[in-house]
Amino acid sequence: MAAGRLDAAVVAEHTGFPPALRWSPFLKEPLLIIAPKVMVVKDPVEMLATLPFVRFRSSVPLANLIDTEISRMGVVTNDVAEIDTIGSIVTCVRHGLGISVVPHVALEEPEGQDLRRLPFGEPQVTRQIGIVERTLSPRGEIIARLHEVLAQLSGPHGVSRTGPGQPTV
């Protein structure tokens with residue numbers, strides 16, 4: 001993108017972009033501990049430390065965000081599976097394999113409706129998805145409009161942008 005071949009890209013959890021690029025989040029969504037509907041819900045930290053855990057194993061920032069918070073809590077999970085897609089994790093939890101942590105959007109599908117949900121982290125951990133663009137872009141107005149549409153489509157978790165490159169949180 002910095003080479004000028006792309007006008008914009010949608011990425012999760014920005015890290016270390018060069019000065020020629022800017023990242024503006026349009027979605028800030030909560031992460032949730034999920035459990036089968038039949039499971040008795042108790043303290044989230046106790047659940048993570050004692051119940052079978054379905055781990056999100058991927059090199060994406062979301063997996064690192066989850067692992068970092070679990071480590072910060074001082075919890076050692078009882079991993080029963082490592083899965084690399086969020087949809088598969090939701091299916092495993094729904095069928096009683098254990099508990100897990102997923103972003104809110106994963107529970108919007110019908111498969112996620114019959115799960116117990118608890119906030120993950122204190123304060124609750126969120127992940128952000130945003131647009132990366134060149135700071136001097138000839139398509140800045142179009143990208144700004146795209147940002148606003150994506151923020152609106154994100155519902156209550158959408159993050160508006162007040163001006164070019166000026167996100168409001």
Minimum-distance pair of heavy atoms, taken over all atoms of [X] and [Y]:
X: Ile131; Y: Ile143; result: CG2-CG2, 3.8 Å
X: Ile86; Y: Ala106; result: CG2-CB, 3.3 Å
X: Gly98; Y: Pro36; result: O-CD, 3.6 Å
X: Pro61; Y: Ala12; result: CG-O, 3.9 Å

Heavy-atom check, side chain of [X] versus side chain of [Y], under 4.5 Å:
X: Thr135; Y: Pro19; result: no
X: Glu69; Y: Phe120; result: yes
X: Val101; Y: Phe56; result: no
X: Arg116; Y: Ile99; result: no
X: Arg57; Y: Ile83; result: no
X: Leu97; Y: Val93; result: no
X: Glu82; Y: Arg55; result: yes
X: Leu31; Y: Leu62; result: yes

Between atom [atom1] of [X] and atom [atom2] of [Y], what is the distance when rounded to the nearest 0.5 Å?
X: Gln124; Y: His104; atom1: CD; atom2: NE2; result: 9.5 Å
X: Leu146; Y: Ser24; atom1: CG; atom2: OG; result: 11.0 Å
X: Lys42; Y: Leu118; atom1: NZ; atom2: CG; result: 11.5 Å
X: Ser100; Y: Asp79; atom1: OG; atom2: CG; result: 9.5 Å
X: Ile34; Y: Cys92; atom1: CD1; atom2: SG; result: 9.5 Å
X: Arg127; Y: Lys28; atom1: CZ; atom2: NZ; result: 14.0 Å

Under 4.5 Å between side-chain heavy atoms, hopping through other hydrophobics if needed: is there a path connecting [X] to [Y]?
X: Leu51; Y: Leu32; result: yes
X: Ile89; Y: Val105; result: no
X: Met39; Y: Val54; result: yes
X: Val41; Y: Met73; result: yes

Lys37 with Asp114: basic N within carboxylate O range, under 4.0 Å:
no

Would you say the side-chain atoms of [X] pair up with the backbone N or O of [Y], donor to acceptor, closer than 3.5 Å?
X: His147; Y: Pro25; result: yes
X: Arg22; Y: Phe17; result: no
X: Ser154; Y: Leu27; result: no
X: Asp43; Y: Val45; result: yes
X: Thr68; Y: Asn64; result: yes
X: Ser71; Y: Asp67; result: no
X: Thr91; Y: Gly87; result: yes

Taking it one step at a time, do Arg94 and Leu115 satisfy side-chain contact (heavy atoms from CB on, under 4.5 Å)?
CA-CA 6 Å; Arg94 191 168 34 106; Leu115 294 170; 3.9 Å; yes

Go through the steps for Glu133 and Leu21 under the test side-chain contact (heavy atoms from CB on, under 4.5 Å), then give the verdict.
CA-CA 6 Å; Glu133 62 184 296; Leu21 300 177; over 6 Å; no

Going through the distances and angles, do Phe53 and Ile70 end up as a side-chain contact (heavy atoms from CB on, under 4.5 Å)?
CA-CA 11 Å; Phe53 185 72; Ile70 288 172; 3.7 Å; yes

Worked check of side-chain contact (heavy atoms from CB on, under 4.5 Å) between Ile129 and Val11
CA-CA 6 Å; Ile129 298 177; Val11 298; over 6 Å; no

Has Leu153 got more than 12 heavy atoms of other residues, nucleotides or ligands less than 6.0 Å from its CG?
yes

Pair Glu148, Arg161 - check salt bridge (charged side-chain N to carboxylate O under 4.0 Å, His left out), show working.
CA-CA 7 Å; Glu148 289 306 316; Arg161 178 165 129 163; 5.6 Å; no

